[in-house]
Amino acid sequence: MMVVEEATGSRGRLLAALLFGLAAVAAGEDESGVVTCGSVVKLLNPRHGVRLHSHDVRYGSGSGSCTSEERRGGGPSAVGSARSGQQSVTGVTAVDDSNSYWRVRGRMSTVCERGTPVKCGQLIRLTHINTGRNLHSHHFTSPLSGNQEVSAFGEDGEGDFLDDWIVLCSGTYWDRGSEVRFKHSSTDVLLSVTGEQYGRPIHGQREVHGMSYSSQDSYWKVMEGIFMKPLEVLKTEAYHVEL
């Protein structure tokens with residue numbers, strides 16, 4: 001699944017993603033086993049069994065549930081207290097939730113050509129398919145654990161330099177079968193889950209945040225998704241190795 005930049009709205013993005021998927025390789029069919037730019041994936045935190053997720057629920061004022069206005073259905077949902085007001089990012093146990101799809105892209109102000117294998121140590125952006133906002137972090141405190149807030153930011157895939165994450169893995173490329181970490185390029189925190197759960201309006205979802213140190217809470221693995229076929233770069237490198 002891959003989003004078309006011109007598509008607008010969550011339904012348009014998903015339809016475009018499905019259409020582009022016809023030219024892609026479904027999970028388990030690609031022999032190279034690497035994650036490539038343009039691929040759309042779900043990311044699992046193996047320790048806690050949750051997938052990286054977002055939705056149109058914002059960090060905002062309140063006690064961790066919704067405000068009285070939201071209980072009456074009269075305003076946008078919000079979670080947390082004195083937060084950034086940006087779109088929240090959580091972890092969910094559901095396997096089939098469409099709000100857990102993220103597109104792999106190049107760092108801000110760059111284009112990573114579709115099908116380019118992602119290298120270990122490379123800067124990338126992860127763009128939420130249904131809302132078009134990028135995985136983001138900044139010096140706000142997360143609502144439940146007091147770690148660094150992780151949000152989704154921008155419009156139609158365009159945000160700022162705080163959307164860039166470094167892929168930490170072993171070897172040359174981000175392998176689909178391996179667990180990797182994502183380090184925020186500007187603040188050095190690691191994308192993590194430590195088990196704290198929200199109440200209303202997103203009951204049972206886990207807090208996702210940035211942590212200053214590495215642990216098993218910081219590892220992620222690609223699960224469901226559609227992967228763009230790797231470019232000739234892998235075949236070329238293999239040829240040179242054989243020589």
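What you see is a predicted model; the values in this text were computed from it and never measured. Atom set for the values below is all heavy atoms of this structure, side chains included, hydrogens, waters and symmetry mates excluded.
- Side-chain atoms of Ser185 come within 3.5 Å of backbone N or O of Asp164 as a donor-acceptor pair.
- The closest side-chain donor-acceptor pair between His48 and Asp217 falls under 3.5 angstrom.
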>> Between Ile226 and Val40, is the side chain to side chain contact (heavy atoms under 4.5 Å, CB included) condition met? List the steps.
In response: CA-CA 6 Å; Ile226 294 182; Val40 174; 5.7 Å; no
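- Residue His128 comes nearest to Trp102 through the heavy atom pair N-CE3, 3.5 Å, listed as atom of the first residue, atom of the second, then distance.
- Here CG of Asp188 is found 10.0 Å from OG of Ser212. Values are rounded to the nearest 0.5 Å.
- When all heavy atoms are compared, the tightest approach of Pro117 to Gln122 is O-OE1, 4.0 Å.
- Remark: Ser54 OG to Leu126 CG distance equals 11.5 Å, nearest 0.5 Å.
- Here the straight-line distance linking atom OG of Ser39 with atom NZ of Lys229 works out to 12.5 Å at 0.5 Å rounding.
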>> Set out, in order, the CA-CA distance, both residues' side-chain angles and the distance that settles side chain to side chain donor-acceptor pair (under 3.5 Å) for Arg103 and Thr127, then state yes or no.
In response: CA-CA 5 Å; Arg103 179 185 172 194; Thr127 302; over 6 Å; no
>> Assess the residue pair Arg133 and Glu158 against the criterion (salt bridge (Lys or Arg N to Asp or Glu O under 4.0 Å)); give the C-alpha distance rounded to whole Å, side-chain angles, the decisive distance to 0.1 Å, and a yes or no.
In response: CA-CA 7 Å; Arg133 297 189 173 101; Glu158 297 306 319; over 6 Å; no
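- Looking at Thr194 and Met211, their side chains come closer than 4.5 Å, going by heavy atoms from C-beta outward.
- Proximity of Val222 to Trp174: side-chain heavy atoms (C-beta onward) are separated by under 4.5 Å at one or more points.
- Taking every heavy atom of both residues into account, Trp220 and Val193 meet most closely at CH2-CG2, 3.6 Å.
- Atom CD of Gln197 sits in a crowded spot, with more than 12 heavy atoms from other residues, nucleotides or ligands closer than 6.0 Å.
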Pairs under 3.5 angstrom only: tabulate donor-acceptor contacts from the side chains of residues 89-96 to other protein residues two or more places apart or in another chain.
residue	atom	partner	partner atom	Å
Thr90	OG1	Gln205	OE1	2.6

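- Residues Thr36 and Thr116 fail the side-chain proximity criterion, which asks for heavy atoms closer than 4.5 Å.
- Ser178 places none of its side-chain heavy atoms less than 4.5 Å from the side chain of Lys221.
- Considering only heavy atoms from C-beta on, Val57 comes within 4.5 Å of Pro201 through its side chain.
- Here the OH atom belonging to Tyr173 is positioned 12.5 Å from the CG atom belonging to Asp175, to the nearest 0.5 angstrom.
- Put simply, the side chain of Asn147 does not reach to within 4.5 Å of the side chain of Ser192, judged on heavy atoms.
- Nearest heavy atom pair, residue Phe227 against residue Val41, reads CE2-CG1, 3.5 Å.
- Evaluation of the side chain to side chain contact (heavy atoms under 4.5 Å, CB included) rule for Arg181 yields Leu168, Leu190, Ser214, Ser218, Tyr219 as partners, not counting sequence neighbours.
- Residues Ser142 and Glu149 bring no donor and acceptor atom of their side chains to less than 3.5 Å of each other.
- Rounded to the nearest 0.5 Å, atoms CG (Asn134) and CD (Gln86) are 11.0 Å apart.
- For the pair Pro46 and Leu44, the tightest heavy-atom approach, listed with the atom from each and the gap, is CD-O, 3.1 Å.
- A single hydrophobic cluster is not seen to contain both Leu123 and Val34; linkage of ILVMFWY side chains at heavy-atom distances under 4.5 Å, directly or through other members, places them apart.
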> Please walk me through it: do Val35 and Val180 pass side chain to side chain contact (heavy atoms under 4.5 Å, CB included)?
Replying inline: CA-CA 11 Å; Val35 177; Val180 304; over 6 Å; no
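- Arg105 has its side chain out of reach of Cys37: every pair of non-hydrogen atoms, C-beta onward, lies at least 4.5 Å apart.
- With Trp165 contributing its side chain and Leu135 its backbone, the two residues share a donor-acceptor pair below 3.5 Å.
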> Could you walk me through whether Glu196 and Arg206 pass the salt bridge (Lys or Arg N to Asp or Glu O under 4.0 Å) check?
Replying inline: CA-CA 6 Å; Glu196 297 83 3; Arg206 309 294 176 85; over 6 Å; no
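- Neither Leu162 nor Phe182 shares a network with the other; the hydrophobic side chains, linked directly or stepwise wherever heavy atoms of I, L, V, M, F, W or Y lie under 4.5 Å apart, form separate groups for each.
- Between Phe153 and His136, the ring planes lie tilted relative to each other; the angle falls in the 30° to 60° range.
- If you check the side chains of Ser137 and His184, you find no donor sitting under 3.5 Å from an acceptor.
- Side chains of His55 and Ser88: a donor-acceptor N/O pair is present below 3.5 angstrom, by distance only.
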>> Quick one, Arg47 with Glu179, criterion salt bridge (Lys or Arg N to Asp or Glu O under 4.0 Å). Give me CA distance, side-chain angles, the key distance, then yes/no.
In response: CA-CA 11 Å; Arg47 181 165 190 176; Glu179 295 181 11; over 6 Å; no
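- Between the side chains of Gln87 and Ser151, no donor-acceptor pair is found at a separation under 3.5 Å.
- With hydrogens and angles ignored, the 3.5 Å screen pairs no side-chain donor or acceptor of Lys183 with any backbone N or O of Leu191.
- At a threshold of 4.5 Å between non-hydrogen side-chain atoms, the residues Arg51 and His53 do not count as touching.
- Val189 and Val150 fall into different hydrophobic clusters, where Ile, Leu, Val, Met, Phe, Trp and Tyr side chains are chained together by heavy-atom contacts under 4.5 Å.
- Closest approach of Met108 to Asp160, counting heavy atoms only: SD-C, 3.2 Å.
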